[in-house]
Amino acid sequence: MMLAFRNLGRTLLSTYQCVSKTPATGLKVFPRPMEFGEIEYPERRKLRIMEKVPQFPAGMRPPKMQKRLRYMRGPEQIHNSLLYKQYGIVATGGGRLRHGHFEMIRLTLGRKLNQDTMFAIWRVDPPWQPVTRKGQGQRMGGGKGSIDHYITPIKAGRVIIEVGGCCEYFEIRKVLNQIANQLPFKAKAVSQRILDGDAAKEKWREENNQHPWSWKYMVQNNMLGCHKWISPFDKHWFNKYL
């Protein structure tokens, strides 16, 4: 028995001595760096501090205002494209921006952006619409409450901020997503390529839609008497925006 184990050990030893291992490495191919060319920079590369309260002329009493939810409904018709054709944050739903959100955006980009090669600009106005509030425990009546704070209404498709410079999208995407997730409404980080792709996809869907009963067709033809129970905004935007 011992002789058999000894012969087996010699056989395995001779087998391992015959095996030779040669270290080998694979050839890694990296993509070619992006050529930025001549980039147009704004006069100020950092986000400026937004005013918490709008400035009124001396002696003028700050006016109060109704809610006016129409300022947040529907799509944005003007500020819905990137001026510098690079990157930014676009709102996908309506909402309101308070002064704290402006400061969150400014401080986050101030810490994460390289001011020597990158820039960021605002695409929204500072808070201007007053929001009133009454004190806790007050009864109904007694007139409209005092102004508590100011907000900026945002529509779907509005560009909140724009970022650009000598950088690629994967470098700034994480920071933009972090800011978009902290906003009080739905928003997303985009690049010019993403916006062009979304526009082309939406156009293709409209041209190749084979279903005859779309929301637009049903609302325009008052199918099932929908004009009696749908929202007036659905008659105008065809259930696309709240």
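When reading the values below, keep in mind they use all heavy atoms of this one structure, side chains included, and skip hydrogens, waters and symmetry mates.
- Residues Arg158 and Arg123 come closest through the heavy atom pair NH2-O, 2.8 Å.
- The number of heavy-atom neighbours closer than 6.0 Å to CD of Glu40, taken from other residues, nucleotides and ligands shown, is 12 or below.
- Listed here is the closest heavy atom pair of Ile151 and Arg98: CG2-CG, 3.7 Å.
- Note on residues 176-199: no pairs pass ring-ring contact (aromatic ring centres under 6.0 Å, His included), not counting sequence neighbours.
- Applying the ring-ring contact (aromatic ring centres under 6.0 Å, His included) definition to pairs two or more places apart or across chains, those involving residues 82-116 are Tyr84-Phe119, Tyr87-Tyr169, Phe102-Trp122.
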Is there a side-chain contact (heavy atoms from CB on, under 4.5 Å) between Asn208 and Gln210 once you walk through the steps? CA-CA 6 Å; Asn208 296 271; Gln210 298 180 0; over 6 Å; no

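- We find that Asp198 and Lys203 are not joined by a salt bridge, their nearest charged nitrogen and carboxylate oxygen being 4.0 Å or further apart.
- Counting heavy atoms from C-beta on, the side chains of Gln129 and Pro153 come closer than 4.5 Å.
- Contact between Asn209 and Ser214 at its shortest, heavy atoms only, is ND2-CB, 4.2 Å.
- Atom CZ of Arg205 sits in a sparse spot, with 12 or fewer heavy atoms from other residues, nucleotides or ligands closer than 6.0 Å.
- Between Tyr150 and Ile147, the shortest heavy-atom distance links the atoms OH-CD1, 3.6 Å.
- Checked by atom type and distance alone, the side chain of Asn222 pairs as donor or acceptor with a backbone atom of Cys226 at under 3.5 Å.
- The main-chain N or O of Pro126 is found under 3.5 Å from a side-chain atom of Thr152 such that the two form a donor-acceptor pair.
- Considering every non-hydrogen atom in both Arg139 and Lys134, the closest pair reads O-NZ, 4.1 Å.
- Between Ile179 and Met104 there is a side-chain heavy-atom pair separated by less than 4.5 Å.
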Cut-off 3.5 Å, no hydrogens considered: what does the side-chain donor-acceptor table look like for residues 229-242, sequence neighbours left out?
from: Trp229; atom 1: NE1; to: Gly225; atom 2: O; distance (Å): 3.4
from: Ser231; atom 1: OG; to: Phe233; atom 2: N; distance (Å): 3.2
from: Lys235; atom 1: NZ; to: His227; atom 2: O; distance (Å): 3.2

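- The 12-atom threshold is exceeded at CZ of Phe36, counting heavy atoms of other residues, nucleotides or ligands nearer than 6.0 Å.
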Derivation and outcome, side-chain contact (heavy atoms from CB on, under 4.5 Å), residues Ile160 and Val90: CA-CA 6 Å; Ile160 309 299; Val90 174; over 6 Å; no

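- Other residues, nucleotides and ligands place no more than 12 heavy atoms under 6.0 Å from the NZ atom of Lys52.
- Cation-pi geometry between Arg73 and Tyr71 is not met at under 6.0 angstrom from the ring centre and within 45 degrees of the axis.
- Looking at Glu76, its side chain does come within 3.5 Å of a backbone N or O of His79 through a donor-acceptor pair.
- Under a 3.5 Å cut-off, the side chain of Glu162 and the backbone N or O of Leu83 do form a donor-acceptor pair.
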After noting the C-alpha distance and the side-chain angles of Arg106 and Ile49, does the key distance pass the side-chain contact (heavy atoms from CB on, under 4.5 Å) rule? CA-CA 8 Å; Arg106 186 182 65 87; Ile49 300 177; 3.6 Å; yes

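- His149 has its side chain within reach of Arg133: a pair of non-hydrogen atoms, C-beta onward, lies under 4.5 Å apart.
- Crowding of Leu69 atom CG: a count of heavy atoms from other residues, nucleotides or ligands under 6.0 Å exceeding 12.
- Between Arg96 and Val131, some side-chain heavy-atom pair lies under the 4.5 Å cut-off.
- Checked against Met118 for a side chain to side chain contact (heavy atoms under 4.5 Å, CB included), the options Val163, Leu109, Ile39 give a single hit: Val163.
- Interatomic distance, Asn114 CG to Cys166 SG, rounded to the nearest 0.5 Å: 9.5 Å.
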Begin from the C-alpha positions of Asn177 and Ile89 and carry the test side-chain contact (heavy atoms from CB on, under 4.5 Å) through to its verdict. CA-CA 8 Å; Asn177 285 326; Ile89 296 179; over 6 Å; no

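- A donor-acceptor pair under 3.5 Å links the side-chain atoms of Arg44 to the main chain of Lys46, judged by distance alone.
- When every heavy atom of Ala189 is checked against every heavy atom of Leu176, the shortest pair comes out as CB-CB, 3.4 Å.
- Electrostatic pairing of Glu171 and Lys174 does not count as a salt bridge here, judged by no charged N lying under 4.0 Å from a carboxylate O.
- Between the side chain of Gln182 and the backbone N or O of Ile105 there is no donor-acceptor pair closer than 3.5 Å.
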